[in-house]
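Accompanying notes for the structure given below.
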Amino acid sequence: MLQRARAHAGHLVKIEIEVDNLTQLREVSTPGLADVVLLDNMDIADLSEAVKLAKGRVVLEASGGVTQDSIARIAATGVDYASAGALTHSAPNFDVALDIDA
């Protein structure tokens with residue numbers, strides 16, 4: 001599947017894939033297939049192992065369960081990025097409207 005995506009994607013298109021276990025990471029870590037791999041809801045031990053497995057061949061991003069309390073431990077594993085959905089899930093909305101009377 002990744003090979004087909006890569007074959008059809010333009011040279012400026014980044015391919016990002018999400019995995020939730022190390023077996024899946026092994027399947028997608030061939031250089032040149034995915035540009036970024038999201039490591040979804042992995043614990044600290046698995047994140048550390050993912051970094052060892054990837055050996056810098058692909059950009060790794062921790063996602064799912066990333067909080068202010070866990071971000072330092074996640075960063076210490078060596079992943080390249082971490083995304084925290086809590087920043088947007090709990091953000092209050094601000095309703096703005098521009099009403100024009102004609």
Side-chain angles (χ1 to χ4, degrees):
M1 181 69 89
L2 273 176
Q3 285 126 345
R4 285 193 326 213
R6 178 57 66 203
H8 290 89
H11 67 284
L12 296 177
V13 175
K14 296 273 188 187
I15 295 180
E16 188 171 330
I17 190 162
E18 180 177 296
V19 300
D20 55 23
N21 61 57
L22 297 173
T23 300
Q24 292 172 344
L25 175 62
R26 286 183 192 94
E27 293 173 12
V28 302
S29 61
T30 301
L33 292 181
D35 297 294
V36 180
V37 177
L38 268 67
L39 306 171
D40 189 38
N41 290 308
M42 290 190 182
D43 61 26
I44 297 298
D46 282 346
L47 290 173
S48 295
E49 185 62 24
V51 170
K52 290 177 190 172
L53 288 171
K55 297 178 185 170
R57 294 182 303 233
V58 65
V59 173
L60 298 177
E61 180 176 339
S63 66
V66 178
T67 66
Q68 285 182 320
D69 294 333
S70 66
I71 191 68
R73 290 188 308 276
I74 290 169
T77 67
V79 295
D80 300 294
Y81 299 99
S83 56
L87 294 173
T88 56
H89 296 300
S90 59
N93 64 353
F94 182 65
D95 189 8
V96 177
L98 177 60
D99 297 323
I100 300 174
D101 290 327

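In this text the structure is predicted, and so the values were computed from the model without any measurement. Side chains included, hydrogens not; waters and symmetry mates left out as well; all remaining heavy atoms used.
When every heavy atom of Met42 is checked against every heavy atom of Val19, the shortest pair comes out as CE-CG2, 4.0 Å. Of all heavy-atom pairs between Arg57 and Leu53, the closest is NH2-O, 2.9 Å. Closest heavy-atom contact between Ala82 and Ile74: CB-CG2, 4.2 Å.
No side-chain heavy atom of Val36 sits less than 4.5 Å from a side-chain heavy atom of Val58. Looking at Glu16 and Asp35, their side chains never come closer than 4.5 Å, going by heavy atoms from C-beta outward. Put simply, the side chain of Thr77 reaches to within 4.5 Å of the side chain of Ile44, judged on heavy atoms.
For the 3.5 Å distance criterion, the side chains of Glu61 and Ser83 qualify, holding a donor opposite an acceptor.
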Apply side-chain contact (heavy atoms from CB on, under 4.5 Å) to the pair Val59 and Tyr81, showing each step before the final yes or no.
CA-CA 8 Å; Val59 173; Tyr81 299 99; 3.5 Å; yes

Kindly indicate, with the supporting measurements, whether the criterion side-chain contact (heavy atoms from CB on, under 4.5 Å) is fulfilled by Ile17 and Leu38.
CA-CA 6 Å; Ile17 190 162; Leu38 268 67; over 6 Å; no

CA sep, side-chain torsions, deciding dist, call: Val51, Val79, side-chain contact (heavy atoms from CB on, under 4.5 Å)
CA-CA 6 Å; Val51 170; Val79 295; 3.9 Å; yes

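Here the straight-line distance linking atom CG of Leu25 with atom CG of Asp20 works out to 11.0 Å at 0.5 Å rounding. Atom CG of Leu47 and atom CG of Asn41 lie 10.0 Å apart (nearest 0.5 Å).
Listed for the Ser70 side chain is no donor-acceptor partner under 3.5 Å among the backbone atoms of Val66. Checking side-chain atoms of Asp40 against main-chain N and O of Glu18 turns up no donor-acceptor pair under 3.5 Å. With Glu49 contributing its side chain and Ala45 its backbone, the two residues share no donor-acceptor pair below 3.5 Å.
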